[in-house]
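Data block below; observations after.
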Protein chains: 2
Amino acid sequence: MEKIYTIKDIAELAGVSKGTVDRVLHKRGKVSEDALKKVNEVLDKIDYQPNLMARSLKKKQIYSICVLIPDSANDPYWQPCIDGINEAKKEFKSFNVKVEIFLFDPTSTSSFVETNKTVLNSSPDAVLLVPLFHKEAIDAIETYNSKGIISSIFNNQLKSNTIKSFVGQDLFQSGRIAARLLDLLIKKGTIAIVHIDEDYENAIHMQEKEKGFRDYFENLESGKFEIKTFKVKHPQFKTTLKEYLESNPAIEGLFVTTSKAYQVAKIIAKKPEKKIALVGYDLLENNLEYLNNKTIDFLIHQNPKRQAYLGTTSLIEHFIFEKEISPEKLLPIDIVNTENAKDYFL
Amino acid sequence: MEKIYTIKDIAELAGVSKGTVDRVLHKRGKVSEDALKKVNEVLDKIDYQPNLMARSLKKKQIYSICVLIPDSANDPYWQPCIDGINEAKKEFKSFNVKVEIFLFDPTSTSSFVETNKTVLNSSPDAVLLVPLFHKEAIDAIETYNSKGIISSIFNNQLKSNTIKSFVGQDLFQSGRIAARLLDLLIKKGTIAIVHIDEDYENAIHMQEKEKGFRDYFENLESGKFEIKTFKVKHPQFKTTLKEYLESNPAIEGLFVTTSKAYQVAKIIAKKPEKKIALVGYDLLENNLEYLNNKTIDFLIHQNPKRQAYLGTTSLIEHFIFEKEISPEKLLPIDIVNTENAKDYFL
DNA sequence: ATTTTTATTGTGTTCGAGCACATTTTAACA
DNA sequence: TGTTAAAATGTGCTCGAACACAATAAAAAT
């Protein structure tokens with residue numbers, strides 16, 4: 001256990017006052033070359049670690065972090081995010097940080113824009129957001145950046161060099177995993193990728209998952225599988241899918257790229273004459289129900305709670321511990337079946 | 001954002017001095033009923049959260065935590081634990097905690113006992129240990145307890161009411177997961193549970209995994225599977241397993257209950273005439289090699305790094321944040337295949 | 001040489017909790 | 001009632017870093 005040095009120690013070792021040491025440490029100038037040298041010599045010899053307790057006790061500044069996430073009233077997928085953020089808040093409650101959650105309607109672009117405006121008005125030190133709307137998110141982040149506000153994103157990837165950090169999963173790989181699981185479930189046959197409820201062109205996550213999924217089978221070269229894509233939006237969903245399945249009786253497996261696998265499960269559960277393998281995303285209650293009755297074979301866990309937690313803590317720790325924010329944090333892609341589902345609710 | 005109260009605030013609100021408030025908060029006595037009432041009334045109205053920065057700045061006591069883990073020179077499974085502990089150390093380096101790692105030889109009971117003696121001599125505030133040897137671990141924990149030293153365990157479960165906390169996995173469930181995966185991999189046939197390299201009677205983890213595994217198939221009632229058990233210890237391992245497989249040609253799947261699946265893989269990889277499904281534990285390099293060439297189908301990740309990390313941080317946070325130590329923390333049981341293996345190395 | 005200006009260095013206070021010690025109040029006893 | 005013991009309460013210093021401000025030294029101007 002090596003000695004812990006304080007500013008006072010350094011001052012004594014260098015033969016100057018603690019004020020001078022402080023000026024050197026913070027590069028505030030007003031230090032003679034002679035004194036600078038003396039202090040730096042000591043600093044080179046020892047490993048000075050400022051006492052963060054003392055620092056944050058003294059510093060009056062309260063850092064403000066705003067988190068923008070979709071309202072879970074519209075999509076239960078987002079519910080765990082709140083828990084993750086609150087967990088981070090609780091963990092750092094004694095520190096000088098204020099974390100505020102702002103909800104927007106995931107079905108409304110203008111709601112997203114408006115919420116960003118509100119956030120901007122409160123002029124926070126950092127913003128963590130889910131960039132659900134590509135163009136609008138880029139704009140918002142640009143604005144934050146121009147005001148010196150740090151922005152991080154999670155859940156959805158976005159290419160922008162003003163973003164400090166992304167927390168999420170490798171969606172291409174995620175698609176490959178789904179492919180591997182379906183490869184295992186059915187040894188051959190036709191598989192349909194089902195994109196529901198979101199606009200394919202605007203949903204990069206769907207595209208990435210599809211790419212990864214197809215990539216797996218292309219490299220397999222077995223020729224045992226045929227992959228199709230099926231896109232559908234909500235209102236007409238039920239009948240459309242039913243028709244699609246009836247006109248494609250060769251389909252042995254389905255890969256649902258969103259958290260809406262339960263909607264598909266509802267339909268294929270009614271056709272017990274033939275078990276269709278089904279892989280989807282996210283541990284929503286509805287999904288778990290069909291996982292447990294084995295209509296859904298596997299769910300891939302995107303761990304929104306942990307994403308939100310890590311996104312928040314990395315910002316908090318940046319401010320209070322001066323930790324660097326890692327530009328990309330990819331979470332493991334958890335494979336969930338009947339047996340380990342409950343483990344993921346910590 | 002509700003106001004943050006300090007002891008001084010409370011003193012003013014209650015019309016007493018901060019010394020009195022301090023006595024009430026810490027139940028140090030020497031407070032008149034009248035003053036006690038006044039302070040408690042204020043305390044009831046507001047939500048006082050002591051400033052942990054100020055507290056740990058003032059408190060000079062350095063808490064000492066010792067961690068006892070098997071030496072990874074003997075078994076690479078333990079290597080990640082060191083990383084997990086160091087991560088915890090790094091995270092809390094500014095706080096008044098000292099974490100020391102002690103290694104023991106996992107093949108030697110006396111090494112375990114000796115290391116515990118060394119730890120005891122350093123009289124730490126808490127001990128986190130891997131109770132590899134059942135009886136000796138109970139004894140050690142008993143001794144720690146009598147000296148007022150908190151003890152937590154991880155990786156291996158142990159029933160003892162003097163233990164503060166266990167971090168690990170539900171091994172019964174873990175066995176069920178392996179069963180589910182093999183059920184999926186082969187639709188019928190004989191499956192052997194392979195216990196290698198450890199003494200079955202002393203290794204509760206093996207027993208629990210076997211119980212869970214058998215439980216799954218018993219409740220299946222399909223009659224499609226036959227489950228056998230095969231125990232073997234190191235030296236003669238290779239030839240014995242080969243003979244066993246030859247004399248049991250009906251075997252379609254193997255479940256290896258330890259991290260030594262690669263040893264089994266080495267053997268069955270040489271019999272390409274028939275693919276035997278193989279499920280094992282832990283992301284050792286050797287295992288990953290066979291996972292990638294698909295000799296091993298699935299690995300169950302026991303996440304030793306996270307176990308060690310959580311075990312350590314829960315003790316640290318107990319001391320510096322006065323957090324309660326949860327008696328049991330069960331980690332998710334991660335299913336790993338070729339596609340998501342690399343995700344688990346953060 | 002003396003004053004003024006500027007550069008450099010040192011001192012002292014603050015943050016909030018914890019605790020030792022000083023001071024005041026109350027009770028006990030002669 | 002006065003004295004002493006005991007109980008209750010208040011005061012003030014400390015932890016380490018940050019920063020304002022005072023103090024000193026050096027340089028420039030008169």
Side-chain angles (χ1 to χ4, degrees), chain A residues 2-43 46-63 92-97 319-322, chain B residues 2-43 46-63 92-97 319-322:
Chain A
E2 62 290 341
K3 182 169 166 32
I4 291 170
Y5 293 89
T6 68
I7 286 187
K8 210 176 128 201
D9 293 330
I10 299 170
E12 277 164 19
L13 286 168
V16 297
S17 75
K18 63 199 185 85
T20 304
V21 176
D22 180 72
R23 268 164 287 219
V24 173
L25 285 172
H26 293 87
K27 302 189 173 51
R28 275 200 257 274
K30 308 198 172 182
V31 176
S32 68
E33 270 183 48
D34 184 46
L36 183 69
K37 214 188 80 187
K38 283 195 284 182
V39 173
N40 276 331
E41 264 169 24
V42 176
L43 250 29
I46 65 162
D47 175 36
Y48 170 64
Q49 301 274 21
N51 185 315
L52 301 174
M53 308 293 109
R55 174 177 293 172
S56 90
L57 179 61
K58 186 62 187 50
K59 282 226 183 180
K60 285 253 52 71
Q61 181 177 9
I62 291 174
Y63 296 102
F92 292 95
K93 68 167 185 286
S94 328
F95 294 83
N96 309 326
V97 271
F319 289 123
I320 62 179
F321 296 149
E322 292 180 348
Chain B
E2 62 291 340
K3 181 169 166 33
I4 290 169
Y5 292 89
T6 68
I7 285 188
K8 210 175 127 202
D9 293 330
I10 299 170
E12 277 164 19
L13 286 169
V16 296
S17 75
K18 66 198 186 85
T20 305
V21 176
D22 181 73
R23 267 166 290 230
V24 173
L25 285 171
H26 294 87
K27 299 190 175 51
R28 274 200 257 275
K30 308 198 172 180
V31 176
S32 68
E33 270 183 48
D34 184 48
L36 183 70
K37 214 187 81 185
K38 282 195 286 183
V39 173
N40 276 331
E41 262 168 24
V42 176
L43 251 28
I46 65 159
D47 175 36
Y48 171 64
Q49 301 274 20
N51 185 315
L52 301 174
M53 307 294 107
R55 173 178 293 172
S56 90
L57 178 61
K58 186 63 187 51
K59 282 225 185 180
K60 279 259 54 70
Q61 181 179 8
I62 291 173
Y63 296 102
F92 292 96
K93 67 166 188 290
S94 327
F95 294 83
N96 310 325
V97 271
F319 289 124
I320 63 181
F321 296 150
E322 292 180 346

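Keep in mind that what you see is a predicted model, and the values were worked out from it rather than measured. Every chain is numbered from 1, with letters handed out A, B, ... down the list of sequences.
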Original post:
Starting at the 5' end of DNA chain C and moving along, which residue's nearest nucleotide shows up first, Ala54(B) or Arg28(B)?
Top reply: Ala54(B)
Which donor-acceptor pairs under 3.5 Å do the side chains of residues 27-42 of chain A make with protein atoms, sequence neighbours left out?
from     : atom 1 : to       : atom 2 : distance (Å)
Arg28(A) : NH2    : Asp22(A) : OD2    : 2.9
Ser32(A) : OG     : Ala35(A) : N      : 3.2
Asn40(A) : ND2    : Leu36(A) : O      : 3.4

**OP:** Identify the heavy atoms of Ile10(B) and Ile46(B) that sit nearest to each other, and give their distance.
**Re:** CG1-CD1, 3.8 Å
Original post:
With side chains defined as the heavy atoms from C-beta onward, is the minimum distance between Leu52(A) and Ile320(A) less than 4.5 Å?
Top reply: no
Subject >> Partners passing ring-ring contact (aromatic ring centres under 6.0 Å, His included) against Tyr63(A) (at least two apart in sequence or in another chain) >> reply: Phe319(A)
Original post:
Looking across every strand, which nucleic acid part, if any, lies under 4.0 Å from Ile7(B) by heavy atom: base, sugar-phosphate, or nothing?
Top reply: sugar-phosphate
**OP:** Report yes or no: does Asn51(B) contribute a side-chain atom to a donor-acceptor pair with the main-chain N or O of Leu57(A) at less than 3.5 Å?
**Re:** no
Original post:
Rounded to the Å, how far apart are Phe95(B) CZ and dC15(D) C1'?
Top reply: 15 Å
Sort me out a list of protein N/O and nucleotides 7-11 of chain D N/O pairs below 3.5 Å, or just none if empty.
from    : atom 1 : to       : atom 2 : distance (Å)
dT9(D)  : OP1    : Ser32(B) : OG     : 2.5
dT9(D)  : OP2    : Ser32(B) : N      : 2.7
dT9(D)  : OP2    : Ser32(B) : OG     : 3.0
dT9(D)  : O4     : Arg23(B) : NH1    : 3.2
dG10(D) : OP2    : Ser17(B) : N      : 2.5
dG10(D) : OP2    : Ser17(B) : OG     : 3.0
dG10(D) : OP2    : Thr20(B) : OG1    : 3.2
dG10(D) : N7     : Arg23(B) : NH2    : 2.8
dG10(D) : O6     : Arg23(B) : NH1    : 3.2

Subject >> Pairs touching residues 5-19 of chain A that satisfy salt bridge (charged side-chain N to carboxylate O under 4.0 Å, His left out), sequence neighbours left out >> reply: Lys3(A)-Asp9(A)
Subject >> the helix from dA1(C)-dT30(D) to dA30(C)-dT1(D): angle between end helix axes, five pairs per end, rounded to 10 degrees >> reply: 70°
Subject >> Nucleotide range of DNA chain C lying under 4.0 Å from chain B heavy atoms >> reply: dG16(C) to dC19(C)
Original post:
Looking across every strand, which nucleic acid part, if any, lies under 4.0 Å from Asp22(B) by heavy atom: base, sugar-phosphate, or nothing?
Top reply: base
